[in-house]
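Take a look at the structure below.
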Amino acid sequence: MGRDTIADIITSIRNADMNRKGTVRITSTNMTEKIVKILLREGFLENVRKHQENNKSFLVLTLRHKRNRKGPSRTILNLKRISRPGLRVYSNYQGIPRILGGMGIVILSTSRGIMTDREARLDGIGGEILCYIW
């Protein structure tokens, strides 16, 4: 039985955001690097560093937080895993959902690699819907 690395990334980032942690350390694979690169480019992360320890490489993510937040803990980042190993969800480019009217992003795995919903619509290709982020 394999591990769901995308769900692990999403859960780690969500937990760190809820607990107001500044950094998250996740294992580095090709898929995780591409997803993290999209999160960095879209402005959900501040910084990403690659760290090597005992012949294993990790990504250290610096989360973007609002400074001087007071009151109850409220998450800034909302992530939802859609396609999972037990149920794959596919969509053509016309059927890709818009999150919050275009304010959020959908990350897709297409035949041309991992990309956002905007890039997939421009290229006119669909694929497997990995997750929603808003």
Side-chain angles (χ1 to χ4, degrees):
M1 181 170 219
R3 292 179 50 132
D4 188 8
T5 57
I6 299 170
D8 292 343
I9 295 168
I10 290 172
T11 303
S12 298
I13 293 172
R14 186 185 308 121
N15 289 341
D17 189 47
M18 285 191 324
N19 291 326
R20 298 183 186 179
K21 301 286 183 193
T23 59
V24 180
R25 187 174 121 170
I26 59 173
T27 58
S28 177
T29 63
N30 288 336
M31 184 168 289
T32 58
E33 285 181 15
K34 291 174 185 174
I35 291 173
V36 165
K37 212 176 280 187
I38 289 174
L39 291 174
L40 183 65
R41 185 178 64 223
E42 294 290 328
F44 292 107
L45 299 175
E46 268 186 38
N47 191 12
V48 177
R49 289 188 330 255
K50 196 164 189 176
H51 180 69
Q52 185 120 6
E53 184 176 300
N54 296 335
N55 294 330
K56 292 185 180 180
S57 48
F58 297 97
L59 294 174
V60 179
L61 314 176
T62 306
L63 300 177
R64 185 176 300 272
H65 287 291
K66 289 183 180 173
R67 305 290 181 221
N68 299 326
R69 285 193 313 190
K70 293 182 181 171
S73 174
R74 184 162 183 270
T75 60
I76 296 174
L77 203 54
N78 292 307
L79 301 108
K80 184 176 180 185
R81 176 80 158 118
I82 301 302
S83 186
R84 53 187 202 268
L87 176 66
R88 302 287 184 188
V89 179
Y90 296 95
S91 176
N92 60 5
Y93 77 97
Q94 293 126 342
I96 298 172
R98 295 186 189 272
I99 306 303
L100 293 176
M103 297 296 291
I105 63 170
V106 178
I107 296 181
L108 296 121
S109 176
T110 66
S111 59
R112 295 185 192 158
I114 295 177
M115 60 178 62
T116 65
D117 56 340
R118 293 181 205 105
E119 295 168 345
R121 280 192 201 95
L122 286 175
D123 290 347
I125 56 175
E128 180 183 356
I129 300 174
L130 297 178
C131 60
Y132 298 157
I133 301 168
W134 70 95

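Residue pairs meeting the side-chain hydrogen bond (donor to acceptor under 3.5 Å, both in side chains) criterion with at least one member in residues 33-45, sequence neighbours excluded: Ser28-Glu33, Glu33-Lys50, Arg41-Glu119, Glu42-Arg118.
Counting heavy atoms from C-beta outward, Pro97 and Ile129 have side chains that approach closer than 4.5 Å. Residues Thr62 and Leu45 form no side-chain contact, since every pair of their non-hydrogen atoms from C-beta on lies 4.5 Å or further apart. Looking at heavy atoms from C-beta onward, Thr27 lies out of side-chain contact with Thr5 at the 4.5 angstrom threshold. Looking only at side-chain heavy atoms (C-beta outward), Ile114 and Leu108 stay at 4.5 Å or farther from each other. When side chains are defined from C-beta on, Ile26 does not count as touching Asp8, because their heavy atoms never get closer than 4.5 Å.
Listed here is the closest heavy atom pair of Phe44 and Trp134: CE2-C, 4.4 Å. The two residues Asp17 and Leu77 make their nearest non-hydrogen contact at OD2-N, 3.0 Å. Taking every heavy atom of both residues into account, Tyr93 and Ile125 meet most closely at CB-O, 3.4 Å. Across all their heavy atoms, Arg112 and Asp123 have their closest contact at NH1-CB, 3.5 Å.
No continuous path of hydrophobic side-chain contacts links Ile82 to Met31 [ILVMFWY only; heavy atoms under 4.5 Å]. In terms of hydrophobic clustering, with Ile, Leu, Val, Met, Phe, Trp and Tyr side chains grouped at heavy-atom distances under 4.5 Å, Ile99 and Ile96 are assigned to a common cluster. Ile133 and Val24 fall within a single hydrophobic cluster, where Ile, Leu, Val, Met, Phe, Trp and Tyr are joined by side-chain heavy atoms under 4.5 Å apart, directly or via other members. When the side chains of ILVMFWY residues are joined at heavy-atom separations under 4.5 Å, either directly or via intervening members, Leu87 and Tyr90 end up in two distinct hydrophobic clusters.
The CZ atom of Arg14 sits 12.0 Å away from the CD1 atom of Ile9 when rounded to the nearest 0.5 Å. Here OG of Ser57 is found 10.0 Å from NE2 of His51. Values are rounded to the nearest 0.5 Å. Atoms CG and CD1, from Leu79 and Ile13 in turn, are 6.0 Å apart once rounded to the nearest 0.5 Å. Here Cys131 contributes atom SG and Ile105 contributes atom CD1; the two are 7.0 Å apart, rounded to the nearest 0.5 Å. The line from OG1 of Thr23 to CG of Leu63 is 7.5 Å long, rounded to the nearest 0.5 Å. Of the inter-residue distances, the one linking Ile35 atom CD1 with Leu130 atom CG reads 5.5 Å to the nearest 0.5 angstrom.
The main-chain N or O of Glu128 is never found under 3.5 Å from a side-chain atom of Arg88 such that the two would form a donor-acceptor pair. The main-chain N or O of Ser83 is found under 3.5 Å from a side-chain atom of Arg81 such that the two form a donor-acceptor pair.
Residues satisfying the salt bridge (Lys or Arg N to Asp or Glu O under 4.0 Å) criterion with Arg49, sequence neighbours excluded, are absent altogether. Listed by chain and number, the residues in a side chain to side chain contact (heavy atoms under 4.5 Å, CB included) with Asn15 are Thr11, Met18 (sequence neighbours excluded).
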